[in-house]
Each structure stands twice: as C-alpha cells, then as structure tokens.
Amino acid sequence: MATSALGSRSPRLDAADKTTGKAIFAGDLALPGLAWGKFLLSPHAHARIRRIDTTRAEQLPGVIAVVTHRDVPDVLVGELVKDIRLFQKDKVRYIGDIVAGVVAEDLRTAEEAVKLIEVDYEVLPAVTDAEEAMKPSSPLIHEEHKSYQTIPPLAEAFKAVQGHNICWHTEIRKGDVERGLAEADHVLEETYTAPMGHGAPIEPHALVASVDAQGKVTVWTATQVPFVCREQVAEALHLPMSKVRIIAPPIGGGFGAKCQAWVEPNVAAMAIKARRPVKLLFTREEEFMIGQPRHPAKVHVKSGVKKDGTLVARQVRVILDTGYSTMLGPIVSSLGSMCAPGTYRIPNLAVDVDVVFTNKPSCSAVRGPAGPQTVFAVESHTDHLAKLVGMDPVEFRLKNCWDEGDEGPTGQILQGVGLKEALRRAAEKAEWGRPLPPNHGRGVALAWWLTLAGFGCAVTVTLNEDGSVTLQTGAVDHGTGSTFGGLPLVIAEELGIETDQISVINSDTDTTPFDYGGVGSRTTFNQAHAVRLAVQDVKRQLFERAGQMLEVSPDDLEMKGGKIAVRGVPDKAIPVLMLTHLAPFTGGPIVGRGTFNTPPPAFDPKKATVKGSVSPTFNAPSFGAQVAEVEVDPETGNITVKKVVAALDVGRALNPLGVEGQIHGGVVQGIGIALTERSEFSEGRMVNPNFVDFKIPLITDIPPIETIVVENPADNGPYGAKGVGEPPVIPTAGAIANAVCAATGARVRDLPLTPERVLEALRRRG
Amino acid sequence: MKELITLRVNGRGHEVRVAPWDTLLDVLRNELGLTGTKEGCGEGDCGACTVVMDGRAVTSCLVLAREGQGREIQTIEGLASDHGLHPLQEAFVRYGAVQCGFCIPGMLMSAKALLDVTPRPTEGEVRAALAGNLCRCTGYVKIVEAVMAAAAGRR
Ligand code: FES
Ligand code: FES
C-alpha cells in the first residue's frame, strides 16, 4: 500500500484544467436560448420607494422580462436573521440595494432597459457611521425589526437586540475585570480602527439560472455555499428543495465574498419570469459596491499588567459596522469576541462586541472574519504593554501566551497548542534580535482561529469495475485546494492507489451529498473524515465479498499489494481487481458512504459567562505567529515590507504544497490589509470601486515570504489536521504595524498604514 | 451595424460579425467560445483577460475586436500543443502555482510573451512582466517559482 500519499507535495487534480482554460467557471456557461440579466440598483443610501414603473423598460425591443417585488413571494429571507427582500418594495437601505432585474436578448439591451425603469424615491436621512447609528436619536434602518424572524438557536439573543440599529451583541465575562485592573501595576487603554475592505476575488459574482418544464430551477453560481443557496432559493420562491438545484462550478476565488446565499433567488426569479436561461455577471464596480466586504471595526482595548509582565485583566469593546443587513453578523461577532482578547492567559476578561446596521453594503464573513481587525488592535496593544514593563515583545508573549492545557477566553481547555513553537521558530528564522539598520524594524503578532465544526457532510466513494475511484462530494472548490488537492490524498492513502486513478465530482446539490460549504476553514477537516469513513466502508464491502469467496471471516482478512489475503496466509488471496470486475454481478456495485459531523468542544458555563455567541469555543484551533520586517522612509512615510516569516500550527499538513499556498496567499492579503486596502465611502457611496483605487498587492509589491509549518495534531482532526484557509491572513497586519513602530517609534492606530498616517505618527512622536 | 471581420486565433481564421464597440474579449468568449480567457474587471486593471497579439501580451478587454484584424492572436487554448502541456503549464501544475485558477490563463499568457522574447529572464524581469496580472489566491510566490523553473527547463 502506498502509505506516503498523505503529506506528499501533490499537484491538485484540477490544475491541468485550470492551466489550459478548460475549467468552466459559472460565467463561461452557455445554454441554448441564453438571455442576459442586469439589476437595477438603488442610487440612494436610504429612501422610501413611492412607485416603480417598468412600462418603458418592458417596451424596449429585446427586453424579455422585468422583475420586481411584484413577481416574487412577499417574504424576507436570510440565513440567520430574515431581513433581506429579493427586490425592494417600500424602501432601499444602501446604494446598490436591488430594486429590479431586467432580462434581455443581450447585455447592452438589458443595460439600456435598466435605465428606463422609473422609480419614485423619497430620500431619507442616511446613517453611514456605526457610532451614529448606535445613538437612540438615530433613524432606524429596519423600522420593522421587531417583527423579524430568526432561527431557533438565536432566538433569545435576537430578542435582546430587536428594534435597534445594534442588531447583534456578543459578550464574554471571565473572572472580575474591575478587580483585575485595580490590582495591576500598569493599566493601558487604547483605541484602534480598521476600515471596510474587500475580499476582492478576481472573479466577480457570476450566475446562470434555468428552469425546466416541470418548474425545476437550476442555478450555476460562484458560491461557497451551494446547499445554503438551495435552501434560500426554495424559501424565497416557495419551491420544494427537490425543485431547486444549485451547481457551484470552480469558483474564481471566494475569501468570504461568496460565502452566503444572496442573489441566487433573484436570478432564479428572473429565469422563471423570462422562461429563458439567464446569465448575470457582476461588473467589477458592482462587485465592489455591493459585493460582501469585511466589517469596518473600532476596537477599544484596556489591559492591566503586573510589573513582572504578567497580564492580569483585559477589557475589549468592538464595534462592527455590518451595513444594511444582519447577514452573518452574529457569526462574525462571535468569532471577533474570541480573537479580540488575544492568545494569552488572562484571568479577568470582559469582551463586548456590537454589530451595527448602517446604510452601507452588507458586510459578510470575509476570510478570518473580524480576525485581522481585532488582532491588529490587540497585538499592537501587546507591544505597548511589553514596553511598559520593559520587556522584549517576543519575551513578553512567551511569558503570557497559551500552552497546552491553558484556558481560552471562555475557559475552554486548549489542546494541540503549537503557539510557542510557532513563535520561537518564526522569531529564529526572522533573526529576531539581530540589529537592523536605522529605519528598519521587526514586528511580531500571534493569532488563533477555529476549524468550523457542527455542520455536517456526507460523501460517497465508488470503486469502479476497473479499480479506479470516483468521489462524490458536496464540497466546493474556491481555490483552497481541499477538494482537489487534499481529499484525493486521503483516498490514495487509505486505498493504496495513485491519485491519477481518482476523479472528483463536486458541489452539485442534486448529485452530491450535503456539505455546509467552503467556510470557516472547515472543508478538509470535515470532508477528510467523511472520505476516510467512506473508504473504510468500501473496504468493508470488499472484505465481505472476499470472505465469502475464500470462505473465511472478513475479520481474518487484510489488504496488501492490491490483494485481499487471509492474515498470515498470503497465498490465500483474491486480487482487488477481480472483486471490482465481478462486483456488478455479485453483490452489486461497491459504493462506500461516509457521514461526518462533530460538535465543537463543550462550553463550561462555570468558567465564564457568554452571551450572544454562536461559537463560545473554538474547534481544533490553529495557532499562528508571524514576524514582519519593514523599512520606513521617514521623509515620505512609505513602508516597504522586506520579509514576512509565517509560522502556522496546522495540526498535520495533508498536502504541504497546498498549505504553503494558503499561507502565501493569506500573508499577501494581510499585507494589503496592512498597507493599502480600504473601501472608501462618501455619503454611503463607495468612491474607489476599482482595482486602481482599491489597491491589492501586485506581484511587484511582495517581499520574500517564508513559511514554517508546525504540526501539533488536533485530537479530533483527520490525521490530526486543522483548518488552514483563513488563519494566515489574520496576524499579518498586526506584525507589520509592530514592525513600523519598532522601526520608527511611531504608532499608527488606524488601518491601513498609509504614508500620511505614518508621517502624522512621526510628527506626534516628535 | 455589425461588420464581418476575420480574426486569426491560435493559428486558425474565424469570420465573425462584430459591432464597433465589441471588445476582443467579448468576441473570444461569446462568439468563438474561447472562454479560457477571463474577465475580472473589463477596465484593463486585472490582467485576467490577457492574450498574446503579434507577440505582445495585451489586455483583451481594452482591445476592440476590429483592431484584432490582421493580427496573430494567441489565447490560453492555444498554449498546449499536440505533444502536451507547454512547459509553463507543466511548471504551474507541478509547483502548486494554481489555486482558484481564474487569473491563471492571463498569467500564463503574460509569462509566455516574456519567455518568447527573453527565454532566461531574471526574477525581476518575471515580476515586471506579470505586474499587470492580479492574483488574489496564491500570493504570487509559487507563480514566480513556476515561471523561473519553466525558463530554466526544470521539471
Ligand atoms: S478583464 Fe481585462 S484587465 Fe481585467
Ligand atoms: S489563483 Fe485565484 S486569482 Fe490567482
């Protein structure tokens, strides 16, 4: 048996398709009779709709259908809180709110027709700042919030916030924070901010919807969550789920910008009314203006530390501006409450996170949601604490950060903690402590992240007549490599075959089993478990059949070198290939099934009080340490990142090639967050909705990035593995900010670290 | 309003009817079914639509289809030959330079245009040649490795 598949640097199975242009993305699809769709978006941040007149648009030659709220059921939908209307009826709540959809023979006609729809708006005062929106005097963005519905697990926490612009609140209380602060030798209080940013996948949202004569809707969509989309389309359009099929073709990058059901029901409704297949592609401008960005955050942090550097108390208050809809706000808030306190032993802790409606696009769970913002704050703050007590930043962290068996922010007993190893190795590789020229500096930051659990999946593994294998999985491929780079290795390992014998069919709600989606760094963790179980099922069936033929108990058999043999009697054996060839005529085809779900670790209410959290513990957490080295030009304030060393405890690297790729990509996004990325708004309108003004890193901008893969297995991980997708993006901005401060003595407390802000901080420093 | 033009793509001539405003990208994708070339912005900013025209890498979203007449156009679909993948494609596969894959056709065409003129580029030349191609997944590290490996004939 090939036992070396896991841990090998294997190319992903879809790489050849993706290098030859053969991979078919949603926007590449062509169907007979294909028509083109276009949305009419609100030009106002907040307005009442008095009247919508579509007559002129409908009369334009080439227009097939115009869809408004009148054409769809009068319902509100949403994965957690139902506050989204497909096509707006009474009110628009942000610039970009969807008012109507046009279907036409070609895109130009659809674009023309959109302009002919007449909407009579009564403009209302808009609230675009979260702290303004929190004031009791602020206009309500959802006047009917009190009547909104949520899902049962959130009911109690939702009740507490209903009727406000503060649409979610999470809190953690552990120990006695007031007493802890009173007993500290030093208390430090600071405020940090991070702006709205975009995941900015290179592929904008793309959808094709089609309806058959039985009324069954199929939507091909670039989504990370096809099964959630199926539920939402069914709910929004009053269809049974059996009449909704969602197919997620290869996705041109997600990063959380495509991690919730959103416009799928809209495009389905347009195809239903037009009775034609409809393709709708977002322009880059639309992607920026209404696509789902990262929450702007304000982080207020106050800590108490003893003279000897022991952290004794911390208070954190986070405000997340979520835009016009709740969407995944409760999840982001919960995750933020776990990241904001940092990765340290803190006996007395108080965390509050508010999620606030504003008249802006709805934020979503962008890669490591609430992570980079809160970790930038708490890790900058940590450096200041170290300075207060006269300790080196690495030494201070080693003194206070978690070890195996320590308690997390809510009292969870931590397992598989490779944090100190990550920190030590990153510091060593970055030559921490070695003198640097003037205006150069090194900075360090730590972070942890969960591997999302509690949402199940199933897979089937079919052993074909010739011994090759077909895997059917609901897992999407948004680039991370789990589905085409990780899972095949599990099959190869467990079945002793080569990966070129394996084919993967994925993310089609009709032909592949349920998977919750490519979110929360969960795919490899959950899917690899399911795949392993399915292969075991395959083997069980093989052993049963071999046992019958050899007239021995299946328990006495083993699989070796392509044969199933009686243990200790190698001559008494049947080739696996014979069993597979005979399978259709003996016991029937060999199809293995694997189902996996695991609850997150239990939360112990004796250790802490937690309210409004969907994630009071972190399942199979990963631990990361990054060190950045920068040069700052004191004349211009320009920052050059010279090097990043990124160490990440991934439990076990199933495919190191993929793990390194995730770390590289995360760090580079982190550099963008640190230095340039900011979605700027003026009166509710994004003013930089393009790649020139929203500047993501180019190939010429990136420094050498060194990766260190730490392997401290998670007890419940498949082969010990933890999630890898999100963690690498989280510490980078904090490490760079600390490096800038080390280089110059100037602290910038607002992201991104623009030259103007650096100069301003230098002036303040004097 | 539409006009019949001939475009030479990947060594073959195609007659297509195009409107004056149709871009080369539109025609490749929607008329010729060559959807390997991607659209990430339509504004010349992302490089996903890069094709090689008369030996030079160009963003096809900024080229009018009519300007493509009389030129030799190469797209990602023409990069592999009967003998198999182009060395650049092989290196991208082997070095793990591909994640979501959306930027990859453009990256490869920019890299091909470079290697055709500069078979042994420095790393700096590779970065300069790919500076117009955005990738949001890979952090570019393995992309640079792959291009250098292909140029060096490493497998
Ligand atoms: S689509 Fe042409 S450069 Fe982006
Ligand atoms: S591989 Fe996804 S954008 Fe480059």
Side-chain angles (χ1 to χ4, degrees), chain A residues 9 11-12 14-25 27-30 108 199-204 250-255 281 283-285 287 477-481 485 655 657-658 660-669 671 690-692 696-702 704-705 707, chain B residues 19 21 26 29-30 33-48 75-80 85-86 88-108 124 126-144:
Chain A
R9 302 173 67 82
R12 35 194 302 159
D14 56 350
D17 269 353
K18 287 178 173 175
T19 49
T20 51
K22 287 208 163 73
I24 304 200
F25 294 75
D28 299 338
L29 284 169
R108 270 183 95 83
I202 306 301
E203 173 200 44
I251 302 157
F255 319 115
L281 308 177
T283 63
R284 177 54 54 186
E285 184 180 10
E287 186 68 26
D477 164 44
H478 52 317
T480 60
N655 186 342
L657 203 57
E660 289 162 12
Q662 288 307 296
I663 297 177
H664 291 150
V667 167
V668 169
Q669 287 190 2
I671 293 173
N690 58 68
F691 279 130
V692 172
I696 70 172
L698 312 178
I699 200 168
T700 41
D701 294 331
I702 59 151
I705 299 165
T707 59
Chain B
W21 52 78
D26 290 336
R29 288 180 54 81
N30 299 331
L34 297 171
T35 54
T37 306
K38 303 300 179 202
E39 175 165 356
C41 70
E43 298 169 336
D45 299 333
C46 77
T75 70
I76 187 68
E77 287 86 354
L79 191 56
L85 297 183
H86 186 279
L88 276 166
Q89 290 169 314
E90 268 186 30
F92 269 58
V93 171
R94 185 176 304 266
Y95 282 79
V98 179
Q99 288 189 26
C100 82
F102 201 78
C103 70
I104 297 298
M107 284 281 179
L108 283 165
V126 171
R127 287 181 195 273
L130 301 183
N133 293 84
L134 296 179
C135 175
R136 193 61 159 166
C137 298
T138 64
Y140 306 106
V141 180
K142 290 182 187 297
I143 288 177
V144 175

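Below, chain A is the first sequence line, B the second, and so on; all start at residue 1.
Considering only heavy-atom pairs separated by less than 4.5 Å from chain B, the leading option among D14(A), T700(A), N655(A), L29(A) is T700(A).
Only the side chain of L108(B) comes within contact range of chain A, with at least one heavy atom under 4.5 Å from a heavy atom of that chain. Proximity to chain B is limited to the side chain of P204(A), based on heavy atoms less than 4.5 angstrom apart. Contact of V667(A) with chain B is not made at all, since no heavy-atom distance falls under 4.5 Å. Heavy atoms of I702(A) lying under 4.5 Å from chain B belong to its backbone as well as its side chain. Heavy atoms closer than 4.5 Å to chain B are found in both the backbone and the side chain of E660(A).
T20(A) has its side chain within reach of L85(B): a pair of non-hydrogen atoms, C-beta onward, lies under 4.5 Å apart. For the pair Y95(B)/P11(A), no side-chain contact is recorded, criterion being any heavy-atom separation below 4.5 Å from C-beta on. Residues R108(A) and W21(B) have side chains in contact (heavy-atom distance under 4.5 Å, counting atoms from C-beta outward). Taking 4.5 Å as the limit, every side-chain heavy atom of N133(B) sits out of range of all side-chain heavy atoms of I699(A). Counting only heavy atoms from C-beta outward, the side chains of Q99(B) and H478(A) never approach each other to under 4.5 Å. Contact annotation: the side chain of R136(B) never approaches that of V668(A) to less than 4.5 Å [non-hydrogen atoms, C-beta and beyond].
Between the CD1 atom of I202(A) and the SG atom of C100(B) there is a distance of 7.5 Å, given to the nearest 0.5 Å. Here the SG-CD distance, from C103(B) to E203(A), works out to 12.0 Å after rounding to the nearest 0.5 Å. Atom CD in E43(B) sits 6.0 Å away from atom CG in N690(A) (nearest 0.5 Å). Between the CD1 atom in I696(A) and the SG atom in C46(B) there is a gap of 9.0 Å [rounded to 0.5 Å].
Nearest heavy-atom pair across P105(B) and K18(A) is CD-O, 4.2 Å. The two residues C41(B) and F691(A) come nearest to each other via the heavy atoms CB-CD1, 4.4 Å.
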Derivation of the side-chain contact (heavy atoms from CB on, under 4.5 Å) call for K38(B) and D28(A): CA-CA 9 Å; K38(B) 303 300 179 202; D28(A) 299 338; 2.4 Å; yes
Residues R284(A), E39(B); criterion salt bridge (Lys or Arg N to Asp or Glu O under 4.0 Å); working and verdict: CA-CA 9 Å; R284(A) 177 54 54 186; E39(B) 175 165 356; over 6 Å; no
